Amino acid sequence: KLATEVQTVAKRLERAEKLITGLAGEKIRWQQQVEALAISMINVVGDVLISSAVVAFLGVFTGHYRDSIVERWVQALADRKVPRS
């Protein structure tokens, strides 16, 4: 009976080690994801501003005109140091 318990505990320890190793990799992945999301959150204001302006104001205009207006808006954001992607 003692030998069986020793084997059971050994198997549990092996599985626990695999789990801990796997979770360590997940920690790194989560840290990278948090960093990427932090950068995205910084840029969200400018990105949403440009996106919503395009949808609200430029739908009926030609592609060339839309491109030139968006370039002006992007430059205006840059002049005012509004972050964007």
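The shown structure was predicted, so the numbers you read here are calculated from the model rather than taken from an experiment.
The main-chain N or O of Thr8 is never found under 3.5 Å from a side-chain atom of Arg12 such that the two would form a donor-acceptor pair. Under a 3.5 Å cut-off, the side chain of Asp47 and the backbone N or O of Arg84 do not form any donor-acceptor pair.
The two residues Phe61 and Phe57 come nearest to each other via the heavy atoms CE1-O, 3.2 Å. The two residues Arg66 and Leu58 have their closest heavy-atom pair at CD-O, 3.0 Å.
In the hydrophobic cluster analysis, where Ile, Leu, Val, Met, Phe, Trp and Tyr join through side-chain heavy atoms closer than 4.5 angstrom, Val82 is grouped together with Val70. By the criterion of side-chain heavy atoms lying less than 4.5 angstrom apart, applied directly or through intervening Ile, Leu, Val, Met, Phe, Trp or Tyr residues, Leu37 is not grouped with Trp30; the two fall into different hydrophobic clusters. When hydrophobic clusters are built by joining Ile, Leu, Val, Met, Phe, Trp and Tyr residues whose side-chain heavy atoms come closer than 4.5 Å, directly or via intermediates, Met41 is not grouped with Leu49. At a threshold of 4.5 Å between side-chain heavy atoms, the hydrophobic network of Ile, Leu, Val, Met, Phe, Trp and Tyr places Val55 and Val48 in two separate groups. Under the 4.5 Å side-chain heavy-atom criterion for ILVMFWY residues, a single connected hydrophobic cluster contains both Val45 and Val74.
For the pair Trp73 and Ile69, the minimum side-chain heavy-atom distance is below 4.5 Å.
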Side-chain donor-acceptor distances from residues 16-25 under 3.5 Å, at least two apart:
from: Thr21; atom 1: OG1; to: Glu17; atom 2: O; distance (Å): 2.8

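A side chain to side chain contact (heavy atoms under 4.5 Å, CB included) with Gln31 is found for exactly one of Arg29, Gln33, Lys27, namely Lys27.
Within the hydrophobic cluster formed by Ile, Leu, Val, Met, Phe, Trp and Tyr side chains joined at under 4.5 Å, directly or through other members, Ile28 stands alone, with no partner residue.
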